[in-house]
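Note sheet for the following structure.
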Amino acid sequence: MKHPLSAITNRLVILVPYLWLLFFFLIPFFIVFKISLSTTAIAMPPYTPVLGMGDGISGLMSQISEFSFDNYLWLTQDALYFNAYVSSVIIAGISTFLALLVGYPIAYGMARAPATIRPTLLMLVILPFWTSFLIRVYAWIGILKPEGLLNQLLLATGVIDQPLVILNTHSAIFIGIVYSYLPFMILPLYSALEKMDYSLIEAAQDLGCPPASAFWKITFPLSLPGVIAGCLLVFIPAVGEFVIPDLLGGSQTLMIGKTLWNEFFANRDWPVSSAVAVILLLLLVVPIMFFQQAQARAQEQGR
């Protein structure tokens, strides 16, 4: 029989992640959603507050009846926001695919490396996090600009005759996102590949299976949990990225993060920007929830 104190401790441990989600996700989301239902005003803050408890329950009910969804309707009428969502998803999707192409061989090499040097390799992957994210992005400006290090190296080696225009293009954004979020792709892949039983590969080779076929039939399917986790960890923050497209992509880059910044700080339209943020969150969270449910059902059917 379990000790009562042990049962209480177990419940408290389980309660911690729910409290974390409550205070750092649900409550901030409710505040943003509440602002999205308000109207713009010349005041501080620049919107008409809704759902205030100052007038009691009756006043709260009257405020609920006066909710305005005009901000969400406005998003459907202005093509800027739709184009920003689409552009963000496309850029994040391409960046995630490139990060997977780069990160998978690195993670595979780390998983197959001798056990004595794996901690060192892990430290090298995590090492960029010891430097400020903003400083690392600024460093890429010095590398990619026309008179930067990359063009100087290519010109000195005779690979090109004139400097390449990379900065303020989508290519610079892809480079910045892949570089910044590559550890988030490598670490889940490494975790999945390290646990794999490589005797299966040896058995396949003994049976005459070519190395490429063995990879696609055994290694890659067994590493799919790491692939999915890494893609989600890269794609979700890349969709709402602001710093990288602003510094490396230039003023003409259209992404939802820059649109949010402009609405909040340039236009000071907090209700519309809050509606943009709510829609972005739903676009990211709802498909992931359906995917997790489908994956759970597939695992239950597999049993």
Side-chain angles (χ1 to χ4, degrees), residues 10-37 51 64 67 69 71-76 81-100 103-104 107 177-178 180-192 195 220-242 255-260 263 271-303:
N10 292 337
R11 291 180 181 179
L12 289 177
V13 171
I14 296 174
L15 189 62
V16 168
Y18 289 100
L19 290 176
W20 179 274
L21 289 175
L22 175 65
F23 285 106
F24 295 102
F25 178 77
L26 291 180
I27 293 178
F29 175 77
F30 175 76
I31 294 173
V32 173
F33 179 68
K34 185 179 72 169
I35 297 175
S36 72
L37 299 176
L51 287 180
I64 293 176
F67 276 170
F69 289 90
N71 298 316
Y72 293 93
L73 294 176
W74 171 254
L75 298 184
T76 63
Y81 303 103
F82 177 79
N83 293 334
Y85 282 123
V86 173
S87 177
S88 298
V89 171
I90 292 175
I91 291 175
I94 295 175
S95 301
T96 303
F97 178 71
L98 294 175
L100 179 61
Y104 201 105
I177 293 178
V178 170
S180 300
Y181 294 107
L182 188 60
F184 295 108
M185 179 66 75
I186 293 176
L187 294 177
L189 287 171
Y190 168 75
S191 177
K195 298 175 183 177
F220 189 77
L222 291 177
S223 65
L224 271 180
V227 172
I228 295 171
C231 289
L232 291 177
L233 288 174
V234 174
F235 179 80
I236 291 175
V239 171
E241 182 59 54
F242 165 72
M255 288 191 70
I256 201 63
K258 293 187 64 176
T259 304
L260 274 172
E263 291 293 345
V272 169
S273 56
S274 298
V276 173
V278 170
I279 295 298
L280 175 62
L281 185 63
L282 293 177
L283 287 175
L284 293 175
V285 171
V286 173
I288 293 174
M289 292 176 59
F290 282 114
F291 172 77
Q292 289 180 338
Q293 291 178 357
Q295 196 174 30
R297 287 195 298 267
Q299 290 179 351
E300 290 179 359
Q301 292 175 359
R303 294 176 184 175

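Heavy atoms only: backbone and side chains are in, while hydrogens, waters and symmetry mates are out. Numbers here are sequence positions counted from 1.
Nearest heavy-atom pair across S36 and A275 is CB-N, 3.5 Å. P183 and P188 get closest at one heavy-atom pair: O-CD, 4.4 Å. Between S88 and V239, the shortest heavy-atom distance links the atoms CB-O, 3.5 Å. In this structure, I177 and A238 approach most closely via the heavy-atom pair CG2-CB, 4.0 Å. Between A99 and V234, the shortest heavy-atom distance links the atoms CB-CG1, 4.4 Å.
Between the OG atom in S273 and the CD1 atom in I35 there is a gap of 8.0 Å [rounded to 0.5 Å]. One distance of note links CG of L283 with CD1 of I236; it measures 12.0 Å at 0.5 Å rounding. Separating the CD1 atom in I279 from the OH atom in Y85 is a distance of 5.5 Å, to the nearest 0.5 Å. Rounded to the nearest 0.5 Å, atoms CZ (F25) and CG (L22) are 11.0 Å apart. We find the CG-CG distance between L100 and L182 to be 10.0 Å, quoted to the nearest 0.5 Å. Note that OG of S274 and CG of L260 are 8.5 Å apart. Values are rounded to the nearest 0.5 Å.
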* With side-chain contact (heavy atoms from CB on, under 4.5 Å) as the test, would you mind laying out the steps for L37 and N71 before giving the verdict? => CA-CA 7 Å; L37 299 176; N71 298 316; over 6 Å; no
* Begin with the C-alpha distance, continue with both residues' side-chain angles, and end with the deciding distance and a verdict on side-chain contact (heavy atoms from CB on, under 4.5 Å) for Y81 and T76. => CA-CA 8 Å; Y81 303 103; T76 63; over 6 Å; no
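Looking at heavy atoms from C-beta onward, V32 lies out of side-chain contact with L281 at the 4.5 angstrom threshold.
Sorted by first then second residue, the side chain to side chain donor-acceptor pair (under 3.5 Å) pairs that include residues 221-239, not counting sequence neighbours, are Y104-S223. Residue pairs meeting the side chain to side chain donor-acceptor pair (under 3.5 Å) criterion with at least one member in residues 232-242, sequence neighbours excluded, are Y181-E241.
Atom CZ of F82 sits in a sparse spot, with 12 or fewer heavy atoms from other residues, nucleotides or ligands closer than 6.0 Å.
For A84, the side-chain contact (heavy atoms from CB on, under 4.5 Å) partners two or more places apart in sequence, or in a different chain, are L254, I256, T259.
Between Y72 and F33, the ring planes lie tilted relative to each other; the angle falls in the 30° to 60° range.
Of the candidates T96, L233, V227, L98, M185 forms a side-chain contact (heavy atoms from CB on, under 4.5 Å) with just one, namely T96.
No donor-acceptor distance shorter than 3.5 angstrom exists from the side chain of S87 to the backbone of N83, with no hydrogens or angles considered.
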